[in-house]
Amino acid sequence: MTDTIDTGTLRTWIRLFRDAVAEKRDWLTELDSAIGDADHGANMARGMDAVAAKLDEAEPATADELLKTVGMTLVSSVGGASGPLYGTFFLRMGMTTGPVAELDAAGLGTSLRAGVDGIVARGKAEPGDKTMYDAMAPAVDAFDVAVAGGASLSDAARAASDAAEAGRDATEPLVARKGRASYLGERSAGHLDPGAASTALLFDTLATAISGRA
Ligand code: ADP
Ligand code: MG
């Protein structure tokens with residue numbers, strides 16, 4: 001039996017992420033009101049609604065086409081920092097997969113890694129800067145470790161999700177060094193980073209989509 005994620009499951013992931021940011025919109029906004037400008041929930045919900053509308057009309061058949069469509073739509077529909085950053089993540093993922101209809105665990109890992117590298121290239125975040133990178137980097141590391149240890153795609157994705165949640169929680173005491181929250185200096189400590197919170201949703205929905213594959 002081959003352990004792969006096909007374009008349909010990638011689509012399910014994107015839809016579940018859209019549903020999750022819609023459901024958690026007020027919470028994401030509340031987090032951003034503490035250390036930013038109270039728009040992260042609105043930014044993510046607007047961006048993912050635009051993505052869902054685009055996917056309804058386009059029906060991409062390959063992983064690269066799907067992921068690039070997601071990325072381009074986020075870049076063009078979200079004005080805040082998170083639009084270009086998440087947009088770059090998906091664009092780089094798509095540029096890495098090639099025109100394939102399914103990915104195995106190694107292929108998904110390579111693509112996720114390229115996405116994270118794209119976020120760093122764009123936003124220059126370093127570990128501990130209190131950004132989405134602090135949830136994303138441990139998630140992708142955990143995914144790779146699990147796959148190297150022989151875990152199934154489903155177990156690796158759940159390990160990534162657990163690591164993203166731990167990374168999100170670990171942003172709470174940090175002082176922000178990137179983005180709007182950095183303007184607050186020491187006063188940014190004591191709050192979760194909103195982008196790390198949405199990133200935990202991104203990996204939770206990936207794990208859910210993969211474990212629910214037909
Ligand atoms: P804005 O900051 O423009 O209002 P959002 O509120 O939608 O945009 O997104 C804020 C989130 O973006 C932050 O919580 C942080 O996780 C992320 N972020 C901001 N700047 C950077 C950066 N340079 N690198 C990585 N992530 C960043
Ligand atoms: Mg904001």
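Just so you know, ligand 1 is whichever comes first in the structure, and atom 1 is the first atom listed for that ligand. Values below: every heavy atom of this structure, side chains too, minus hydrogens, waters and symmetry copies. The structure displayed is predicted, hence computed values, not measured ones.
- Within ligand 1, the atoms closer than 4.0 Å to a non-hydrogen atom of Gly123 are 22 (C), 23 (N), 24 (N), numbered from 1 in the order shown.
- Closest to atom 8 (O) of ligand 1 among all protein heavy atoms lies Ala81 N, 3.2 Å.
- Closest protein heavy atom to atom 7 (O) of ligand 1: Ser82 OG, 2.6 Å.
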Quiz prompt | Test log, rule side-chain contact (heavy atoms from CB on, under 4.5 Å), inputs Ile5 and Leu206 | solution = CA-CA 10 Å; Ile5 176 168; Leu206 177 62; 4.2 Å; yes
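- Taking distance alone, with nitrogen or oxygen atoms compared against 3.5 Å, Ala125 stays at or beyond that limit from ligand 1.
- Of all atoms in ligand 1, numbered sequentially from 1 with element shown, those under 4.0 Å from a heavy atom of Gly80 are 3 (O), 8 (O).
- In the displayed structure, Glu57 atom CD is contacted under 6.0 Å by more than 12 heavy atoms of other residues, nucleotides or ligands.
- The Mg ion (ligand 2) lies at the vertex of an angle of 90° between the OD2 atom of Asp32 and the OD1 atom of Asp37 (rounded to 10°).
- Atom numbering of ligand 1 starts at 1 in the shown order; those under 4.0 Å from a heavy atom of Pro194 are 14 (O).
- Of all the heavy atoms of Asn43, the ones lying under 4.0 Å from any atom of ligand 1 belong exclusively to the side chain.
- More than 12 non-hydrogen atoms from other residues, nucleotides or ligands lie less than 6.0 angstrom from NZ of Lys68.
- Proximity to Gly179 (heavy-atom distance under 4.0 Å) selects the following atoms of ligand 1: 19 (C), 20 (N).
- Thr4 places no side-chain N or O within donor-acceptor distance of the main-chain N or O of Asp6, the cut-off being under 3.5 Å.
- Of the possible polar contacts, none joining the Ser161 side chain to the Ala157 backbone as a donor-acceptor pair under 3.5 Å is found.
- With a heavy-atom cut-off of 4.0 Å, Leu85 touches ligand 1 through its side chain alone.
- Between the side chain of Lys130 and the main chain of His191, a donor-acceptor pair closer than 3.5 Å is present.
- In this structure, atom 13 (C) of ligand 1 lies nearest to the protein heavy atom Asp193 OD1, 3.5 Å.
- Every atom of ligand 1 is numbered from 1 in the order shown, and the set under 4.0 Å from a heavy atom of Asp37 is 4 (O).
- The 12-atom threshold is exceeded at NZ of Lys178, counting heavy atoms of other residues, nucleotides or ligands nearer than 6.0 Å.
- Closest to atom 5 (P) of ligand 1 among all protein heavy atoms lies His40 ND1, 3.4 Å.
- Residue contact check for ligand 1: Lys124 places no non-hydrogen atom closer than 4.0 Å to it.
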Exercise. Would you please test Met48 and Thr73 for side-chain contact (heavy atoms from CB on, under 4.5 Å) and show each step?
Key: CA-CA 8 Å; Met48 291 310 296; Thr73 307; over 6 Å; no
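- Between Arg46, Arg168, Met132, Arg122, it is Met132 that holds the heavy atom closest to atom 17 (C) of ligand 1.
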Practice problem: Determine, step by step, whether Thr199 and Tyr86 satisfy the side-chain hydrogen bond (donor to acceptor under 3.5 Å, both in side chains) criterion, reporting the C-alpha distance in whole Å, the side-chain angles of both residues, the deciding distance to 0.1 Å, and the verdict. | Solution: CA-CA 9 Å; Thr199 292; Tyr86 274 110; 2.9 Å; yes
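- No donor-acceptor pair under 3.5 Å is formed between the side chain of Asn43 and the backbone N or O of Val78.
- No heavy atom of Gly36 sits closer than 4.0 Å to any atom of ligand 1.
- Restricting Asp39 to its N, O or S atoms, the one at the least distance from the Mg ion (ligand 2) is OD1.
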